[in-house]
Amino acid sequence: MHRVSRVLAAGTLAALTGVGAIAAQAEDYPIRSITMIVPFAAGGPTDVVARIVTAHMARTLGKSIIIENVVGGGGTTATIRAARAANDGYTLIAGHMGTHAAAVPLYPNLAYDPEKDFAPVALLAGTPIVILARKDFPPRDFREFMVYVKDHADAVKAAHAGVGSVSQVACQLLDSILDIKPAGVAFNGTGPAMNALVAGRADYMCDQIANAVPQIGLGTIKAYAVATPERNAALPQIPTSSEAGLPAFQVQAWNAIFAPKGTPAPVIARLNAAAVKALDDEAVRRRLLELGNVIPQPSERTPEALAALVKSEIKRWNSVLKPAAH
Ligand code: MLT
């Protein structure tokens with residue numbers, strides 16, 4: 001055989017073998033435990049939602065899903081790591097509205113592209129934002145809060161989980177509507193930020209509802225408003241931002257699973273099916289709903305629907321945050 005054609009034949013054979021190997025791997029998937037990177041501290045809303053859903057997914061897949069909390073950079077440190085991980089289905093990330101949308105306008109040199117560097121797997125939950133404060137923060141309701149933070153803008157401290165996190169972005173939007181620039185106190189997640197609020201080391205926070213419900217139940221913090229059009233069944237006593245006097249403040253975040261780009265389609269399909277099955281499970285639904293999460297409708301659970309959500313959310317936060325930053 002001529003040398004070039006011999007080389008070509010060998011290359012073709014290698015390519016075919018490679019394709020065959022990937023297909024076989026995807027068929028057997030998973031053969032070992034899967035790592036789910038959570039880009040914030042344990043105990044926060046992303047961690048809690050990921051643990052509720054992946055515990056069920058692991059039963060469906062027959063292998064454990066190990067949660068690894070990788071903190072820093074408002075969630076971007078972990079997301080960079082996930083983008084660069086092997087695309088074999090054994091490293092996934094619990095991304096959200098911050099890591100996979102709002103970080104784009106906030107980090108001009110972001111080392112990943114949420115659309116190009118990830119294969120969307122499934123949306124897990126919508127997470128309404130609640131405006132919270134330490135228990136003894138003087139304002140008694142949201143109208144008083146708006147006046148108070150304007151009058152004390154140089155003194156109040158807003159807790160958040162780093163630039164690009166949901167809590168930071170949501171309060172940045174609130175601050176821009178109220179036209180204030182309070183000091184921010186950054187934590188590795190809103191789990192630790194919540195501890196600071198409970199201990200009175202921060203004044204207020206715009207957090208995802210799953211983190212707020214348990215503390216509101218214990219009476220360790222106060223809640224002024226939920227930033228969605230309707231009240232939330234997990235916090236029926238808390239008014240909406242419209243009822244409370246600020247209809248312009250509307251934020252519902254979301255949590256989802258992503259794999260590194262190039263993860264084989266059959267693997268994505270298997271993971272998506274396991275996530276969808278979890279979202280249909282009575283106990284999983286009850287737990288998510290008790291914490292105020294919104295369970296995605298069937299049409300919102302496909303990888304394609306998640307890709308469309310990421311695209312539209314990047315567009316949305318680009319238009320909201322870029323002008324606010326200047
Ligand atoms: C967390 O789990 O700590 C949060 O999702 C952080 C945030 O984005 O505010």
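Heads up: numbering here begins at 1 and tracks the sequence. In each ligand, atom 1 is the first atom listed, and ligand 1 is the first ligand listed.
No part of His160 comes within 4.0 Å of ligand 1, judged by heavy-atom distances. When non-hydrogen atoms are compared, ligand 1 lies under 4.0 Å from neither the backbone nor the side chain of Gln168.
Ligand 1 places these atoms under 4.0 Å from at least one heavy atom of Ser165: 7 (C), 8 (O), 9 (O). The distance from ligand 1 to the heavy atoms of Gly189 drops below 4.0 Å at these ligand atoms: 3 (O). Atoms of ligand 1 found under 4.0 Å from any heavy atom of Gly44, numbered from 1 in the order shown, are 2 (O). The His96 neighbourhood of ligand 1 comprises atoms 5 (O), 7 (C), 8 (O), with distances under 4.0 Å to a heavy atom of that residue.
Between Asp203 and Arg134 a salt bridge is recorded (basic side-chain N to carboxylate O distance below 4.0 Å). Between Lys277 and Asp281 there is no salt bridge, since no side-chain nitrogen of the basic residue lies less than 4.0 Å from a carboxylate oxygen of the acidic one. Contact check on Arg32 versus Asp88 returns a salt bridge, with a Lys/Arg side-chain nitrogen under 4.0 Å from an Asp/Glu carboxylate oxygen.
With 3.5 Å as the limit, one finds no donor-acceptor pair spanning the side chains of Thr240 and Ser242.
The shortest contact between atom 5 (O) of ligand 1 and any protein heavy atom is with Thr46 OG1, 2.6 Å. Distance from atom 9 (O) of ligand 1 to its nearest protein heavy atom, with residue and atom name: Ser167 OG, 2.6 Å. Nearest protein heavy-atom contact of atom 3 (O) of ligand 1 is Thr190 N, 2.7 Å. The single protein non-hydrogen atom nearest to atom 6 (C) of ligand 1 is Ala161 CB, 3.5 Å, given as residue, atom name and distance.
At least one heavy atom of Pro45 sits under 4.0 Å from some atom of ligand 1.
Checked against the 6.0 Å centroid threshold, Tyr148 and Phe137 count as a close aromatic pair. Ring centroid separation for the pair Tyr90 and Tyr29 comes in under the 6.0 Å cut-off.
Using a 30° and 60° split on the angle between ring planes, Phe142 and Tyr224 fall in the tilted class, from 30° to 60°.
Of the residues listed (Trp254, Phe40, Trp317), the one engaging His96 in a ring-ring contact (aromatic ring centres under 6.0 Å, His included) is Phe40, and it is the only one.
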